Structure formats: structure tokens, C-alpha cells
Amino acid sequence: SQQGEEDPQALSIQEGENATMNCSYKTSINNLQWYRQNSGRGLVHLILIRSNEREKHSGRLRVTLDTSKKSSSLLITASRAADTASYFCAPYGGATNKLIFGTGTLLAVQP
Amino acid sequence: DTEVTQTPKHLVMGMTNKKSLKCEQHMGHRAMYWYKQKAKKPPELMFVYSYEKLSINESVPSRFSPECPNSSLLNLHLHALQPEDSALYLCASSPQREEQFFGPGTRLTVL
């Protein structure tokens with residue numbers, strides 16, 4: 001299916017450390033998006049990487065995409081307590097062009 | 001205005017009630033979405049409207065009835081819901097195949 005599978009399911013780190021989340025998917029894509037969700041709230045778009053891009057940066061975020069391995073990673077550098085949230089990857093494209101969210105990684109940043 | 005607004009924030013209803021969820025955006029986006037999210041799960045796509053026409057229905061039960069009165073508004077009419085329909089209902093909009101902008105959601109409880 002187009003849905004992403006994320007790893008790890010949960011991650012706990014100290015403030016100032018880096019956090020890396022991985023996403024794997026199974027079908028071809030037009031782009032892959034990452035979203036953040038604070039507890040019980042709406043999702044916030046973080047970054048979009050297109051299928052012809054390999055790496056993208058936005059502030060403390062770095063996203064990589066390897067279409068040959070059908071995988072992506074999100075790196076958050078110098079994490080802060082405010083980064084505590086669930087992070088979802090969302091591969092976009094394939095036959096249906098629907099955005100299907102991955103299983104998510106729950107990140108806890110300890111102050 | 002770069003917001004998606006949703007009303008109400010919370011809704012409690014009985015199984016025989018009829019209620020509606022509302023979503024509004026003024027970003028000129030021509031695609032709008034309804035998602036359902038259960039606790040500790042990713043959002044699940046329910047409906048997609050493109051240019052005010054229903055383009056995707058993810059086999060959602062007929063007790064959920066979407067409506068798009070104009071390019072800025074999206075409604076979700078609820079009737080004869082079941083307790084298992086209790087969830088966070090998220091609305092989103094997008095300029096077609098790009099990032100989606102989410103509202104804060106409506107927390108629905110069905111008694």
C-alpha cells in the first residue's frame with residue numbers, strides 16, 4: 001500500500017540531542033511529506049520533498065529521500081522540549097494520488 | 001488568512017441525533033478533505049472534494065454525509081452514529097497536490 005511505515009514508533013531523547021525518524025513505503029510517489037501533531041490537535045505540515053530530490057533542509061529539519069530504497073528520514077537537530085509531538089510521514093502519489101499517513105513516531109524531548 | 005477553522009471544537013451526541021461539523025478556509029484552495037483519527041493512530045482519509053465536487057469517498061458509511069456548499073466551506077453531516085465513531089475529525093485543504101493545511105479538529109463523542 002502507499003502508507004508509510006515509521007520507525008521507531010516512539011523515541012525519547014534529551015534536549016539538545018538530535019532525533020532521527022525513518023519512513024518506508026511501497027509504491028511510487030510524486031512527493032513525500034512530513035507532518036507534526038501535538039497531542040489531540042491538528043497536523044502541521046513540516047516539509048515536502050519531491051521524488052527527484054534527495055535532500056531538503058528547513059531550519060533545524062533535514063529530510064532525505066531514497067526512492068530506490070523507498071525510504072525517507074527526518075532529522076531534527078538540537079531538539080527542544082517544544083518538539084515533543086507525533087511525527088507522520090505521508091507518501092503522496094501512486095495510482096490514487098491520495099495522501100496516506102504513516103503509522104507515526106511519538107517523540108518525547110526531555111528538558 | 002492562512003487558517004483552516006473548524007466548529008465545534010467538541011461535540012457530544014446521542015446515537016439518534018443529527019449534527020453537523022463545519023470547516024472553512026479562505027486560502028483559495030480547491031481541494032478539501034475530511035479525516036478521522038482515533039487515539040494513537042494516524043489520520044484516516046474519509047472524503048476528498050476537488051473543485052467543490054466529491055472526488056474520493058473511502059467507503060465511508062452513509063451515516064457520514066459530506067457537503068461542499070462553496071469553495072470555502074466543507075460540512076460533514078452526522079446521523080445515527082455509533083459509539084465507535086467517536087474520534088477526532090480533521091478537516092484540511094490544499095492547492096491540489098501540495099501540502100495540506102489542517103484545522104484543529106472536532107473532538108466527537110457518541111454516547
Side-chain angles (χ1 to χ4, degrees), chain A residues 1-11 21 23-25 28-53 56 58 61 63 74 85-108, chain B residues 2-11 21 23-25 27 29-51 54-60 74 86-109:
Chain A
S1 77
Q2 188 177 308
Q3 183 181 27
E5 295 285 336
E6 294 187 58
D7 171 60
Q9 290 188 347
L11 179 60
M21 290 159 259
C23 171
S24 60
Y25 58 93
S28 61
I29 59 171
N30 294 324
N31 63 61
L32 187 140
Q33 302 174 35
W34 286 89
Y35 288 80
R36 184 188 75 225
Q37 184 177 34
N38 291 90
S39 180
R41 316 257 327 248
L43 282 78
V44 175
H45 180 269
L46 295 176
I47 199 164
L48 180 154
I49 187 165
R50 302 188 189 282
S51 59
N52 61 353
E53 297 176 308
K56 202 162 183 179
S58 176
L61 305 180
V63 167
L74 171 67
S86 292
Y87 291 81
F88 295 96
C89 71
Y92 190 89
T96 61
N97 278 330
K98 295 184 294 189
L99 191 66
I100 306 295
F101 289 90
T103 49
T105 293
L106 179 59
L107 173 66
Chain B
T2 58
E3 258 195 332
V4 176
T5 59
Q6 289 188 244
T7 56
K9 289 184 180 166
H10 300 274
L11 178 62
L21 309 184
C23 174
E24 190 167 2
Q25 59 91 12
M27 294 177 279
H29 294 165
R30 303 314 297 266
M32 296 186 76
Y33 312 78
W34 280 114
Y35 291 87
K36 172 182 177 180
Q37 187 178 26
K38 302 285 271 186
K40 300 188 189 302
K41 296 289 187 183
E44 295 177 8
L45 183 66
M46 299 175 72
F47 302 104
V48 180
Y49 272 82
S50 181
Y51 291 89
L54 183 65
S55 61
I56 295 176
N57 176 342
E58 289 288 277
S59 303
V60 178
L74 187 65
S86 298
L88 181 67
Y89 287 84
L90 294 162
C91 173
S93 70
S94 75
Q96 295 304 324
R97 299 181 185 184
E98 302 296 326
E99 62 185 283
Q100 294 188 14
F101 293 76
F102 281 80
T106 293
R107 176 73 61 187
L108 174 67
T109 302

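Atoms considered below: every heavy atom in the structure, side chains included; atoms not considered: hydrogens, waters and symmetry mates. Letters go in sequence order (proteins before strands), and every chain restarts at 1. None of these values were measured; they are calculated from a predicted model.
Not counting sequence neighbours, Y87(A) has no partner by the ring-ring contact (aromatic ring centres under 6.0 Å, His included) test. For Y89(B), there are no side chain to side chain donor-acceptor pair (under 3.5 Å) partners at least two apart in sequence or on another chain.
In this structure, Q100(B) and L90(B) have side chains that are not in contact, with every pair of non-hydrogen atoms separated by 4.5 Å or more.
Ranked by heavy-atom pairs shorter than 4.5 Å toward chain B, the options S86(A), G104(A), G102(A), G42(A) are led by G42(A).
Within the 4.5 angstrom heavy-atom criterion, only side-chain atoms of Y35(B), from C-beta onward, approach chain A. For K41(B), the part lying near chain A is the backbone, with the side chain staying farther off; criterion is any non-hydrogen pair under 4.5 Å. Contact of E58(B) with chain A is made through the side chain alone, with heavy-atom distances under 4.5 Å. Looking at Q37(B), only its side chain comes within 4.5 Å of chain A, counting heavy atoms on both sides.
Checked by atom type and distance alone, the side chain of Q6(B) pairs as donor or acceptor with a backbone atom of G105(B) at under 3.5 Å.
Aromatic ring pairs are classed by plane angle as parallel below 30°, tilted from 30° to 60° and perpendicular above 60°; the pair Y35(A) and F102(B) is perpendicular.
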